[in-house]
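This report refers to the structure that appears directly beneath it.
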Amino acid sequence: MADSREEGESSAEKKDPRIRARKYQLELCKKALEENVIVYLGTGCGKTHIAVLLIYELRHLIVKPNKEICVFLAPTVPLVRQQAMVIEESTDFKVGCYYGNSKKLKSHKDWDEEIVKYEVFVMTPQILLHNLLHSIIKMELIALLIFDECHHAQVQSNHPYAQIMKEYKNCFGNRPRIFGMTASPIVGKAASNLENLPKVINSLESLLDAKVFTVDDKEELENFVSSPEVKVYRYNHMASNLDINKIYSDKLEQIKRHCVFMMRKKTDDVRSIRNNKKILERLHDSLIFCLINIGLLGAKQAIRFLLSCDQFDRYESIESEGNSTDNSLTDEYLNMADSIFDSDFMKGCTKFESSTLAELQEPIFSDKLLVLMKILSTCRQRTNMKCIIFVNRIIVARSLSSILENMKFLQFWKCHFLVGFHSGLKTMSRKTMNSIVEKFRAGEINLLVATKVGEEGLDIQTCCLVIRFDLPETVSSFIQSRGRARMSQSEYAFLVDRGNQSELNLIENFISDEGRMNKEITCRTSLETFDYSTEESYRVGSTGASINAGYSVSLLHRYCSKLPHDEFFNPKPEFFYFDDLEGTVCRIILPSNAPIHEVVSLPQPSKDKARKYACLEACKKLHSLGALNDHLLPGQDDDIDEVFSDSDDIEGDNSRGELHAMLIPAALRVPWTDTENPVFLHSYSIQLVPFPADRQYQQFGLFVKGPLPGGAETMELDLHLSRGRIVRSNLIALGVTEFDAEEIIQAQNFQELCLKIILDRSIFFSDFVSLGESDTSQSLSTFYLLLPMRETNHENKLGVDWNIIRRCLSSPVFHRGVDSIDHNPIHGTLILESGPVNPRDILNCLVFTPHNKLFFFVVDILHGMNSESAFPDHKRVNYSEHYSEEFGIHLRYPKQPLLKAKQLFSLHNLLHNRVQKNTAPRELEEHFVELPPELCSLKIIGFTKFMGSSLSLLPSIMHRLENLLVAIELKGVFSSAFPEGLEVTENNILEALTTEKCMERFSLERLEVLGDAFLKFAVGRHLFLAHDALDEGQLTWKRSCIVNNSNLRKLAIKSNLQVYIRDEQFDSSQFFALGRPCTVICDDDTETTIHSQQEIENITGGDAAANRKCSKAHLWLRMKTIADVVEALVGAFIVDSGFKAAIAFLKWIGIEVDFELSQISKICSASKSCMSLSKNMHIADLENSIGYKFLHKGLLVQAFVHPSYNKHSGGCYQRLEFLGDAVLDYLITSYLYSVYPKLKPGQLTDLRSASVNNNSFAHVAVSRGFHKYLISGSDSLSDAVKSL
């Protein structure tokens, strides 16, 4: 889609929202293109489509590859989802939708990726405000900023809309175009105040930097949107049953007083009394309200519901601002209230659902409720009927809906309540609320009892009946709820107290206020605005992040919520106020695990301001200490850090494949040239000793240009054959061997011969095989020779067996048209498929049988057997019959003696033991076959089975030697970089570089477990000492940033460690050496073709043979593999040399773990503040129990302070726990690694987990009596400890 855009035009042109636009929508859009605009239109008039038109007209600014974006703000989640859907359906823009935790976008990197991906961002204002304040998204990046329900942007409010526009005003770069939408440009009761009305409208315009526009031609609007008929229904306000209701009201009042009296007897805590009394007052008021407005049954229903729900839902249902951990007071009140409603007078009301409307009477039902039910009963005759009843309280919505849905005469109405996700009710989740709205749309529900959440912010289908059970409180509420009745012939009904003229006047005033508001917008009576109050702010110059005093309150709460906590401790700031001569002062006590204990504000004119400025001061201090980063976020809230800003995500995609070129060891890459004569090569004997001794092997030697390093020239290796058989090989240095020009060519041709016959034997199907024509100029070729050796006549020294080499090279297959076979036999001639041959030439040679395309070593001529001899399996009479029936071959020379032969082997990976450990090796009898000579074609003369046996081992030996040389080279890198690099052994380095995929007898996994534990300990110790202001959670996060796979991979690649990693098992088909170069030539043009996406998928899927070898030795590596190697190398240094060497390696790779003694002194000195708690514990007894006398006893006290305790100058055990956890983890891992050398990595981890866990430690602590010294502020913690 992006490819089709030209000169800023988008594929969004495929959908043109102008096609279905109304005339007034196009006119208002045109106005919005000229200046910032606030569109004032009623619900259903198509304001959103005007916004879509504007986005479309400004598409040249936001279509990719432009970096600017459009941001569409909506105050509620349902509106965000609804508006995003509208934009997607109307245009082809790429739309991103953001709300709550719908997307886990934390870092700049996350948002940068979203900005590259999307053009229109529909989100809640809280998300944009957060990103603007913390400088994650810049205001200059936004080309168009749209505010849905923009009336929330009030100068005197803290609504995110207002705060976003304050950031807009502070932007000195390019500002976005502003477009606002509202059905009522005022909120609150401003419309009723003639003086404030123009101020509110002017202030809205001033804050949004925009002008309010509407449609002057009302007739045009009426063609598209119907206006409901406003009706007023009067009810009697309990007049006929005043005495009965007063009785119940008085009884509830007596119960309330009794509960308060009993509460005062139980506690002297003034704060607790005040808080509980406030909750009780709200609960009492809710029941009285239900009693008066719904009737006795309404109060009864409210009580039953409140008794059945939990504490959280109870407080939310009565909309209490307070909260309490003690439910006993409200329980007592509700139980006593429930008992009084179970009087004789109420006993009959339990069967109300079977009654008809005529039978329902007061005071069981209020007259107000009876009038409502009469309206519903009358209106049910209409087709496709849907109704919303608006109430002002959650408890009324619950009680009223319960009563209505149980009325049999109202069965037509399928009723449910809607109180909104933000009501806090657990039973009203966002998912539940959306489900209710969807069911209302589908007709499964046709009657909603809703609070003000139904007025705006939800995509509720239009109704033909809207009833205000409770009157709206503002003209905005009046307009918004009326907007729900947009069907033709719809009705907007009010229930009004017959005896209360003010209620009727209120409705008339709303209508009047709306008219006055419309008139004011058309013709301004004043230009006055409310004073624009500015708050002190704090800005970080390096990032541009800033916060004001108001926002700092939520930021401080957020910071505290991020502090480490458990079921016994919920960290939050506590606020205390006291009067000063100059005003009110706020004192904040932060949780004990925060780096600062308290902050005191300067005197302010109000509690609210004192609180804000105290919070701002606290945030400043937290930033200065590093507890808030330079984006003014708690560290773990964003992965932005000066050290790791360019790293991948903390977790990252560990399975992602990355292509890297692997190192070929330098010792095997030094060539000799054609001009050298003679050529001097360092020679090494390859000793091969079988266990059991059931085979013989031809002696071979390795010849290289330069000497092998010390660790390689004596390499020992066990090769694993079938049935547990082993061949032990080792290298012995022989000195320097001289080759003349002819010998070096013969040696190279012989090696090529050997490699072709064991790896590319199909070449020998033909009658001629060329040698010496390989081009190694572009190939990744090693330069060494593997040649047969024998003892020379001079002092029994080993030398090259030139006789074998020359005899093999003399074979006719290598000489076109030249016959080297002796046709003058001494004892007669054998007729082969390739012609007659002297018997001496057929012995110890390699032959080919064309009928089954197999190769065999001829070891003997069986003069006592021929093709007429009995066949071994007794199913055939003789060999002639076997070949006739099996292959259709008629033997012409059946009298010729048979040849005893052994089949040429297939090459295997001999580095992997194919049988279980501790299996005793068993002899394996060699298998021979008998072949008629006339079926055999002679290929290589003098190529014995002993040579074949040796050649089957050499590729595996050379593969291990290459890997060992790579490890030795890496050791050289370490040694030149830091002296401790000399102390690690090449064998442990090799183990650390070898992954489990190599399928060798060792892998990095055990070392990785050890290294991982040390790495976390060393980094944790460094961070603990270097950042004394960071809490346990931030320390853990910072450590995670350093030790996570993504960062370890980055550091490893920066140090070029990845080229040394061995991550594929030996594959004989991809064994390349001098004489067999790699034919896959890789360069910049062919790399992506050679190493395809399919290969990546094979690697990540675990296909061991997925790598395709190329001339650059490219290898796919997973991120986690590279990280594991780093940890394994740490483990190798620990095993060979200890802490100092491991720390030196970490420093070399780029991980700082050093510390200063002064840092330790600082930590110890700071712990003295905890000594004020020493009176709470007997330190000497505790030291005796531990068996250690502490020099800094404050550390011992601090280790026993639970974070729930906050009656001292701050501090708890959590930071020490962070350090101790790392120490324990390493100590136990090190112990298990050392004591159980044969344990697999998974078993090590399981054992460690069993040793290091909270349950086992808790029981140990209690058994040692440590719990007696615990200093805690949580009774539940004390109870939990006692239960152990």
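Worth knowing before you read on, the calculation uses all heavy atoms, side chains too, and leaves out hydrogens, waters and symmetry mates. For clarity, every value in this text was computed on a predicted model and none was experimentally measured.
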Taking [X] first and then [Y], would you say they form a salt bridge - that is, a charged N and a carboxylate O separated by under 4.0 Å?
X	Y	result
Arg1215	Asp1031	no
Glu536	Lys612	no
Arg393	Asp285	yes
Lys609	Glu535	no
Lys1162	Asp1028	yes

[X] versus [Y]: any side-chain heavy-atom pair under 4.5 Å?
X	Y	value
Arg587	Val599	no
Ser546	Val540	no
Ile589	Phe576	yes
Tyr1269	Ile1179	no
Met1177	Lys1268	no
Thr124	Tyr98	no
Leu602	Val585	no
Phe1218	Tyr1213	no

Rounded to the nearest 0.5 Å, how far apart are [atom1] of [X] and [atom2] of [Y]?
X	Y	atom1	atom2	value
Leu622	Leu555	CG	CG	8.5 Å
Leu1035	His1022	CG	NE2	11.0 Å
Ile136	Asp110	CD1	CG	9.0 Å
Ser317	Ile395	OG	CD1	5.0 Å
Arg1248	Leu1227	CZ	CG	12.0 Å
Cys615	Ile588	SG	CD1	4.0 Å

Exercise for review: Please assess Leu283 against Tyr333 for the test side-chain contact (heavy atoms from CB on, under 4.5 Å), listing each intermediate value before the final yes or no.
Suggested key: CA-CA 9 Å; Leu283 178 60; Tyr333 175 85; 3.5 Å; yes
Using atom types as modelled and distance alone, determine if a side-chain donor or acceptor of [X] lies under 3.5 Å from a backbone N or O of [Y].
X	Y	value
Asn1047	Val1043	no
Thr584	Ser606	no
Asn335	Asp331	yes
His1178	Asp1181	yes
Thr1036	Glu1032	yes
Gln1159	Glu1156	yes
Arg282	Ile318	yes
Asp338	Leu334	no
Asn1206	Leu590	yes
Asn1044	Cys1041	yes

Tell me if the [atom1] atom of [X] is crowded by more than 12 foreign heavy atoms within 6.0 Å.
X	atom1	answer
Lys620	NZ	yes
Lys256	NZ	yes
Lys277	NZ	no
Lys1207	NZ	no
Lys572	NZ	no

What pair of heavy atoms forms the shortest contact from [X] to [Y], and how long is it?
X	Y	answer
Gln1034	Ala1029	OE1-O, 4.5 Å
Ile303	Ala337	CD1-CB, 3.8 Å
Gln1214	Pro1203	NE2-CG, 3.4 Å
His108	Ser135	NE2-O, 2.8 Å
Phe569	Pro591	CZ-CB, 4.0 Å
Ala302	Leu287	CB-CD2, 3.8 Å

Check your understanding: For Arg558 and Leu633, what are the C-alpha separation, side-chain angles and deciding distance, and is it a side-chain contact (heavy atoms from CB on, under 4.5 Å)?
Key -> CA-CA 9 Å; Arg558 181 178 179 183; Leu633 287 167; 3.9 Å; yes
Can a donor-acceptor pair be found between the side chains of [X] and [Y] at a distance below 3.5 Å?
X	Y	value
Ser1256	Asn1253	yes
Asn593	His565	no
Ser1272	Ser1274	no
Arg257	His284	no

Practice item. Before giving the answer on side-chain contact (heavy atoms from CB on, under 4.5 Å), spell out for Arg1021 and Val1153 the whole-Å C-alpha distance, their side-chain angles and the decisive distance to 0.1 Å. Key: CA-CA 8 Å; Arg1021 179 181 63 178; Val1153 294; 5.5 Å; no
Report yes if the distance between the aromatic ring centroids of [X] and [Y] is under 6.0 Å, otherwise no.
X	Y	value
Phe1155	Phe1024	no
Phe1190	Tyr1188	yes
Tyr538	His623	yes
Tyr1231	Tyr1226	no

**Study point:** Tyr99/Thr76 under side-chain contact (heavy atoms from CB on, under 4.5 Å): CA gap, chis, key distance, verdict
**Key:** CA-CA 8 Å; Tyr99 51 85; Thr76 65; over 6 Å; no
Review point. Taking only residues two or more places apart in sequence or in another chain, which ones pass ring-ring contact (aromatic ring centres under 6.0 Å, His included) with His557?
Key: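 Partners of His557 under the ring-ring contact (aromatic ring centres under 6.0 Å, His included) test: Phe575.
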Practice item. Provide the full list of side-chain hydrogen bond (donor to acceptor under 3.5 Å, both in side chains) pairs with a residue in residues 547-556, sequence neighbours left out, each pair given once. Key: His134-Tyr551
